[in-house]
Student: 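I am attaching a structure below and will ask some questions about it afterwards.
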Amino acid sequence: MSQRLVISSFAIPEDDSPRHGAPTYVHYESYQESLLEEVHEELTGQSEVFIPSLQLHRWGTRSQLDENAYCVALVAIVKDIPMLHRQWQVKAHWEDISATLCRLTFACLAMVLNVAFQCAILWYIHIFVAQTSVRQVQELYADYRAANFDEDGHLNEDLWATYELKDDVCQITMSSPPFYFGILLLWVMLMTHELRSCQLLMQDCLSVFGVEKLEDMLVFDSPLGFQSGGRVDVVGFTRCIRWSIMILVIVPRICIALVLLLVGCRWLSSSASFADMTLNCMALQFVKEIDEILYAAVVPRQLKIDVERTDLFKIEGRQTKGDLVRMEWHGNKVTVVWLIWVAVVLFAYACCVQEVLPFDLRELSKICEAQIMKDRTLHCDSWTFLGWSAKCYPYGKLLDGDN
């Protein structure tokens, strides 16, 4: 007798194994009530924070910020602007105001430098690398067709046997769909991770409550407030601050990620060889991580500490078992949506959008089978133990089968 929900009696069999005797039932109403039970914060990840502007304790979830140049600017906007406002109200010393201004300016300049650097690198890769690579592989493929086929599309075996660029043509990565789609899939998934990080940051920023005053945005662990230097919870955004983060931090990051995704797919598709495609993917990973490189190399240590100690706090009610179930299902649905996105982008680009080469290169794959097998045949497969491999390289002559 399998476990099932018995609608007629509104009961759920919990256990019907023989060693426990007759099966016991939990009433459906009791099961529904259990979903409304509050769960301990260790399971939900929630925390309770006292919010001075409300003079109340509120439960919520903290979201940590990524350690990159974008989040340095975000922390500067949400922390230093209210601090400047506070210092102006209390008529603080110029030394304190200038230090805050310097920190805010440096953080914003770091983000501007990061965006400018990434845009410049993307432009140069598009013009001097990807565009040139596309032209070269197109000319190679055009020469292959013009030199080895007649006007009716029939291959001339004699011309192909003596074709000088045979090795180069057979290294065109798009001629091997499994390898081509495998590397392209890795790149699309890598950029999907970046876009998903942007989506989570945007979701967190939109989930933070709206406030009217700058001084109501932050809650400090220490009663010293702005002067404490401790952990900070961002419990609210003013409308101006929220839109500033969206326009200056999140939108540029999304745009750069989308452009890098397209430029990367184009460059990878035009790789001159299988080895080049692998190396090009690693080079694109370097471009993607420019914001993290600048964060590690340029940002002062105190700004890094500020990023580590600043969390976005989303005010919520105490979560129940039912909330955890709904959150799990929501997370699964979001994951499925992103997987569909990966599949759509991969096949839409490779089969419809890319203009590097014709998609169907089965003709080239078939012709190159013998050449590829030859390239994969080792000159020597003996171990180096006791000099066995040295016998493959005799002085003054070539072994049988060597060219």
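Everything numeric in this text was worked out from a predicted model, so none of it was measured.
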Student: What is the ring orientation for Y144 with Y163, classed by angle as parallel under 30°, tilted 30 to 60°, or perpendicular over 60°?
Tutor: tilted

Student: If I compare all heavy atoms of I247 with all of P252, which pair ends up nearest, and what's the gap?
Tutor: O-CD, 3.2 Å

Student: With S133 as reference, evaluate S270, S269, S271 under the side-chain hydrogen bond (donor to acceptor under 3.5 Å, both in side chains) test and give the passing residue.
Tutor: S270

Student: Please check if the side chain of S175 supplies one atom and the backbone of I172 the other of a donor-acceptor pair under 3.5 Å.
Tutor: yes

Student: Would you kindly say whether T192 and W341 are connected by a side-chain donor-acceptor distance under 3.5 Å?
Tutor: yes

Student: Is D80 salt-bridged to R86, cutoff N-O under 4.0 Å?
Tutor: no

Student: Quick one: pull up CD in Q302 and CZ in F106 and give me the separation to the nearest 0.5 Å.
Tutor: 13.0 Å

Student: Just so I know, are the side chains of S197 and L201 near enough to count as touching, which here means a heavy-atom distance under 4.5 Å?
Tutor: no

Student: In Å and rounded to the nearest 0.5 Å, what is the CH2 to OG distance from W383 to S389?
Tutor: 12.0 Å

Student: Would a distance-only check, ignoring hydrogens and angles, find a side-chain to backbone donor-acceptor pair under 3.5 Å from N332 to V334?
Tutor: no

Student: How far does CG of L113 sit from CD of Q118, to the nearest 0.5 angstrom?
Tutor: 10.0 Å

Student: Can you give me the closest heavy-atom contact between F179 and M277, atom names plus distance?
Tutor: CE2-SD, 3.7 Å

Student: To the nearest 0.5 angstrom, please state how far the CZ atom of R196 sits from the OG1 atom of T335.
Tutor: 4.0 Å

Student: Measuring only between side-chain heavy atoms, which start at C-beta, is L284 closer than 4.5 Å to C281?
Tutor: no

Student: Under 3.5 Å, is there a donor-acceptor pair between the side chain of D291 and the main chain of N68?
Tutor: no

Student: Do L262 and Y349 have side chains that approach each other closer than 4.5 Å (heavy atoms only, starting at C-beta)?
Tutor: yes

Student: Just wondering, are more than 12 heavy atoms of other shown residues or ligands nearer than 6.0 Å to NE2 in H85?
Tutor: yes

Student: For M189 versus V342, what's the shortest heavy-atom pair and its separation?
Tutor: CG-CG1, 4.0 Å

Student: Between D66 and R253, is a salt bridge (charged side-chain N to carboxylate O under 4.0 Å, His left out) present by the stated rule, with each step listed?
Tutor: CA-CA 13 Å; D66 297 332; R253 187 178 178 185; 3.6 Å; yes

Student: Which heavy atom in A257 sits nearest to a heavy atom in L195, and how many Å separate them?
Tutor: CB-CD2, 3.6 Å

Student: Say whether, by atom type as modelled, one donor and one acceptor occur between the side chain of N280 and the main chain of D276 under 3.5 angstrom.
Tutor: yes

Student: I would like to know whether I254 and L258 meet side chain to side chain contact (heavy atoms under 4.5 Å, CB included); could you show each step before the answer?
Tutor: CA-CA 6 Å; I254 293 176; L258 290 174; 4.1 Å; yes

Student: Can you confirm whether Q354 sits close enough to M174 that some side-chain heavy atom of one is under 4.5 Å from a side-chain heavy atom of the other?
Tutor: yes

Student: Are more than 12 heavy atoms from other residues, nucleotides or ligands located less than 6.0 Å from atom CD of E355?
Tutor: yes

Student: Output the distance between atom CD (Q199) and atom CG (D204), rounded to the nearest 0.5 Å.
Tutor: 9.0 Å

Student: Can you tell me if Q64 has over 12 outside heavy atoms packed within less than 6.0 Å of its CD?
Tutor: no

Student: Would you say the side chain of D233 lies within less than 4.5 Å of the side chain of L218, judging by non-hydrogen atoms?
Tutor: no

Student: Give a yes or no on this: more than 12 heavy atoms of other residues, nucleotides or ligands lie within 6.0 Å of atom NE2 of H57.
Tutor: yes

Student: So does Y124 have more than 12 non-hydrogen atoms from other groups sitting under 6.0 Å from OH?
Tutor: no

Student: Work out which heavy atom in C71 is nearest to a heavy atom in V307; give both atom names and the distance.
Tutor: O-CG2, 4.2 Å

Student: Taking C-beta and beyond as the side chain, do R62 and L312 meet within less than 4.5 Å on heavy atoms?
Tutor: no

Student: Hey, do the aromatic rings of F181 and F347 have their centres closer than 6.0 Å?
Tutor: yes

Student: Start with the C-alpha distance between E67 and E292, add both sets of side-chain angles, then the distance that settles side chain to side chain contact (heavy atoms under 4.5 Å, CB included), and finish with yes or no.
Tutor: CA-CA 7 Å; E67 296 183 3; E292 298 176 10; over 6 Å; no

Student: Kindly determine whether V169 and Y141 satisfy side chain to side chain contact (heavy atoms under 4.5 Å, CB included), including the steps that lead there.
Tutor: CA-CA 7 Å; V169 170; Y141 187 71; 5.6 Å; no

Student: Counting heavy atoms not belonging to M246, are there more than 12 under 6.0 Å from its CE?
Tutor: yes

Student: Starting at CD of Q203, measure out to CD1 of I250 and round the result to the nearest 0.5 Å.
Tutor: 11.0 Å

Student: Between T132 and V129, is there a donor-acceptor pair closer than 3.5 Å when you use the side chain of the first and the backbone of the second?
Tutor: no

Student: For the residue pair T61 / E316, report whether a side-chain donor-acceptor contact shorter than 3.5 Å exists.
Tutor: yes

Student: When you check the gap from the basic side-chain N to the acidic O, do K304 and E308 get nearer than 4.0 Å?
Tutor: no

Student: Taking D152 for the side chain and H154 for the main chain, is one N or O donor matched with an acceptor at less than 3.5 Å?
Tutor: no

Student: Would you check if V188 and C265 make a side-chain contact, meaning some heavy-atom pair closer than 4.5 Å?
Tutor: yes

Student: Mind checking whether M111 and V72 have side chains closer than 4.5 Å, heavy atoms only?
Tutor: no

Student: Show the numbers, then the answer: is there a side chain to side chain contact (heavy atoms under 4.5 Å, CB included) between L190 and Q285?
Tutor: CA-CA 8 Å; L190 185 63; Q285 166 72 1; 2.7 Å; yes

Student: Apply salt bridge (charged side-chain N to carboxylate O under 4.0 Å, His left out) to residues R239 and E212 and explain how you reach the verdict.
Tutor: CA-CA 8 Å; R239 181 176 300 178; E212 297 295 331; over 6 Å; no

Student: Quick check: closest heavy atoms across I367 and W160, and the distance to 0.1 Å?
Tutor: CG2-CE2, 3.1 Å

Student: So which of L74, I81, V75 actually passes side-chain contact (heavy atoms from CB on, under 4.5 Å) with I77?
Tutor: I81

